[in-house]
Number of protein chains: 2
Amino acid sequence: MAGSLQDIRLFVAAYEERSFTAAAQRENATQSGVSQHIRKLEERFRLSLFSRDKGRVCPTPAGDSYYRACLDVLRAHDAATKAVQGFVGGLEGELVVGLMPTMTRCVLAPALARFTEAHPNAAIRVVEGYSAALTQHVQAAELDFAIVPGTAGIAGVKSRLFTRTPEVLVASVRHAGRRNGEPVRTRELGPLRLVVPSRANTRRLSIESYFASNGIAIERLLELDAMLGTLDLVGRSEWVAVLPGIMMAADPEPGMHVINPLADPPLTLDLVLIEPARRILSPLASAFLGLLQEEAARVNARWDVPRPG
Amino acid sequence: MAGSLQDIRLFVAAYEERSFTAAAQRENATQSGVSQHIRKLEERFRLSLFSRDKGRVCPTPAGDSYYRACLDVLRAHDAATKAVQGFVGGLEGELVVGLMPTMTRCVLAPALARFTEAHPNAAIRVVEGYSAALTQHVQAAELDFAIVPGTAGIAGVKSRLFTRTPEVLVASVRHAGRRNGEPVRTRELGPLRLVVPSRANTRRLSIESYFASNGIAIERLLELDAMLGTLDLVGRSEWVAVLPGIMMAADPEPGMHVINPLADPPLTLDLVLIEPARRILSPLASAFLGLLQEEAARVNARWDVPRPG
DNA sequence: TTCGCGCGATTACGAATTCCGATGACCGCG
DNA sequence: CGCGGTCATCGGAATTCGTAATCGCGCGAA
């Protein structure tokens, strides 16, 4: 009842060769097969595609028209095949990972680009969130894994160090008297207007204790959980913030911020990988994790202090 | 090895329904069949088109891409089917007819238009020629039929009257003092500069004898076998010609010629249909002949003289 | 004219494919 | 834990497909 591609292939061959026999050879079939297929078409359409008299086969007007249309079909089929071939190679499957904004700002994009390139037929979904929400999702095994700030162990969640990144001081280029990139000594810091995350955020505690134990005066404290808002405020005012270096490697608005790693002593942030304890990382998850780790290392290298000697 | 349209149909249905079972119902197949077809595709491409986990099928990126390409294939196939459906109805076959210029000037075009409309899948070829050549081709059975001026019987050729058309006097609108269309009496004709066909043409004899037996003076005689040239010459000079009315019903350059049927007595030309004696007219040939005859009658009516009373 | 020769149509039969129905595994839900 | 839904799988039936052999026809050579 319904047409098949073989009909069309053989018809096209017969049309182009002007011979059933030649068409059969070209298409690795037999003259009889070609004849049958074309007869099937003619019966379905209730009209003849070829005129067979005088020993030669030559197309009728309907055959001419059908031939041109059939070329489109074959071209489309070829295109479909080629389209899908672009997805071969690489791993397959689905992947959902949770990342905190610290990771999504600089590291995610290049890792994602390499991942989709290497595994075109993998479906990946990234959810951005803070540690509490991400940990919860990992517990529920709704995420293959997540990257969060180092925390205490949690039931049902397996964790290990993902990377360590220096915390950096971020200030406006117009108000800070420092050169971008060079380490800043704590004793050189005057009284600061400091933007910090809320107490729900793990980093808040370490930042406060760092400033306290190094005797740095804090002129004012502003609690802000919005990362984009923090960066904007810092860029336009005398407020400064302490942020993970891994997210400040590339400034989307160059020249707006001055970024200086905290040195003497340094303050670092540990990012840990958490995954559902009951599962093991899928090959796809491992692949993406590897890429994330490579990109994280590349970005962290930006803040490597040249050692003396 | 090679893809089939059924693969594509079922894949598309499964993609759109997001369910093998629903796809099977839609395509009048079984869930098992759908599953097998899609597995076949996936094995050929060596990648998965659907992700089957958690009880639902959802397309992979490759599946998405393949789906879009498959729509093009199905559209193209539909277009091919519809294209050929435009040719159903009417007769089929091949037809070669021979016509003299007398027929091709006014009668052929409308007959051809109606013919191709009514029999879209028929292949028709018209060869233009003069009676000798056409008769020869009919003898050789290379033509289904031909229309030629009435002649004596010829071996191997069956003939019968096709139509009778009045001969008309054609002159330049600038040199003739007559109104277009009205009959001209022989005695009103002064000495003429007359263009005639060569002696090979059947009409030459009848034209000469007509002028002789009606005592019309011929100032000069010009032998011209080129029909287009004759018309052009007549349109631009004092030369006149006698031509079959059936070919002068529509003047391609209106206002150039004055055309007057010869009356008192009238001169007419008999056109006869000739066909190979050993064959009978194919249905296609009959159909075209009928149309030619209708159009000839319509054109001849242009010269009907309103009868008194 | 007659005789091959080439080409397509037709037929019958064996092979391959497709299709179907039943069964099994899996998941979410009650 | 059973229930209803899904898809995968399997074996056999039905269909399609390819093949070989044969026939008819037109053409060209003898």
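Naming convention: chains lettered A, B, ... in sequence-line order (proteins, then strands); numbering from 1 in each chain.
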(message) Checking B/Phe162 now: which residues fulfil ring-ring contact (aromatic ring centres under 6.0 Å, His included) with it, not counting sequence neighbours?
(response) none
(message) Without decimals, in angstroms, what is the distance between A/Gln6 CD and D/dT15 C1'?
(response) 16 Å
(request) Would you tell me if any nitrogen or oxygen in the side chain of A/Lys40 comes within less than 4.0 Å of OP1 or OP2 on D/dC17? (result) yes
(message) Distance check needed: C/dT17 C1' versus B/Glu43 CD, whole Å only.
(response) 14 Å
(request) Could I get the full list of side chain to side chain contact (heavy atoms under 4.5 Å, CB included) partners for B/Thr116, not counting sequence neighbours? (result) none
(request) May I have the distance from B/Arg52 (atom CZ) to C/dA25 (atom C1'), rounded to whole angstrom? (result) 15 Å
(request) Whole angstrom is fine here: how far is it from CG in B/Leu5 over to P in D/dT16? (result) 16 Å
(request) Specify the residues of residues 14-38 of chain A, ordered by number, for which at least one heavy atom lies under 4.0 angstrom from an atom of DNA chain D. (result) A/Ala29, A/Thr30, A/Ser32, A/Gly33, A/Gln36, A/His37
(message) Keeping A/Asn121 on the side-chain end and B/Ala62 on the backbone end, is there a donor-acceptor pair under 3.5 Å?
(response) yes
(request) Please report, rounded to the nearest Å, how far the P atom of C/dA9 is from the CG atom of A/Leu10. (result) 13 Å
(message) Suppose the criterion is salt bridge (charged side-chain N to carboxylate O under 4.0 Å, His left out): which pairs have a residue in residues 119-128 of chain B, not counting sequence neighbours?
(response) none
(message) Does C/dG8 have OP1 or OP2 under 4.0 Å away from a side-chain N or O of A/Arg39?
(response) no
(request) Quick one: list whatever passes ring-ring contact (aromatic ring centres under 6.0 Å, His included) with B/Phe11, sequence neighbours left out. (result) B/Phe50, B/Tyr66
(request) Please report, rounded to the nearest Å, how far the P atom of C/dT18 is from the CG atom of B/Leu41. (result) 10 Å
(request) Could you list all the salt bridge (charged side-chain N to carboxylate O under 4.0 Å, His left out) pairs where at least one residue sits in residues 80-92 of chain B, not counting sequence neighbours? (result) B/Asp78-B/Lys82
(message) Can you measure A/Leu49 atom CG to C/dA9 atom P for me and round it to whole angstrom units?
(response) 12 Å
